[in-house]
Amino acid sequence: MPTSYSVTSSVKPADQNALTQADVSGNTVAGVLLIVIPLSIVLGSVLYKKFRPKHRATLLLEQIEILERIWRISPENKY
């Protein structure tokens, strides 16, 4: 007895479009991250090198002012 089997595709054209859109959005996110992460690393290092000396100088000036105020305190006011 011959039997006949029919083979049908389980993937519909609408499903193929949905997969393609998901792939495109995933590729877009990956592309944006691929650009943003190195750019932020470079920008962060440049800004760090630019503003670190100014920040350090400000901290040192504040420490000098504090030490000068301590030095000017009279012996009666210490205790």
Side-chain angles (χ1 to χ4, degrees):
M1 254 183 148
T3 54
S4 173
Y5 295 102
S6 86
V7 177
T8 59
S9 174
S10 62
V11 177
K12 298 176 184 176
D15 291 340
Q16 288 177 347
N17 288 338
L19 291 175
T20 305
Q21 289 172 355
D23 290 340
V24 168
S25 66
N27 289 338
T28 303
V29 170
V32 168
L33 288 177
L34 197 63
I35 292 170
V36 167
I37 290 175
L39 184 65
S40 59
I41 290 172
V42 169
L43 186 62
S45 66
V46 167
L47 291 176
Y48 177 77
K49 287 179 183 178
K50 181 179 179 181
F51 289 108
R52 187 175 186 322
K54 292 179 183 178
H55 179 67
R56 178 134 174 92
T58 303
L59 287 177
L60 288 174
L61 287 174
E62 289 175 359
Q63 289 175 351
I64 290 170
E65 288 175 5
I66 291 171
L67 289 173
E68 285 179 347
R69 276 189 268 142
I70 291 172
W71 182 60
R72 289 182 185 149
I73 295 176
S74 65
E76 297 105 24
N77 295 337
K78 283 187 179 179
Y79 303 105

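What's counted below: heavy atoms across the whole structure, side chains too, no hydrogens, waters or symmetry copies.
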For residues 35-53, run the donor-acceptor check on the side chains, cut-off 3.5 Å, and write out each pair with its distance to 0.1 Å, sequence neighbours left out.
| residue | atom | partner | partner atom | Å |
| --- | --- | --- | --- | --- |
| Ser40 | OG | Val36 | O | 3.0 |
| Ser40 | OG | Ile37 | O | 2.8 |
| Ser45 | OG | Ile41 | O | 3.4 |
| Ser45 | OG | Val42 | O | 2.9 |
| Tyr48 | OH | Arg52 | NE | 2.8 |

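Listed by chain and residue number, nothing satisfies the side-chain contact (heavy atoms from CB on, under 4.5 Å) test with Leu67 (two or more places apart in sequence, or in another chain). With sequence neighbours left out, the side-chain contact (heavy atoms from CB on, under 4.5 Å) criterion links Glu62 to Thr58, Leu59. Every side-chain contact (heavy atoms from CB on, under 4.5 Å) that Ile66 has, sequence neighbours left out, goes to Arg69, Ile70.
Taking CG of Leu60 as the start and NE2 of His55 as the end, the distance is 10.0 Å to the nearest 0.5 Å.
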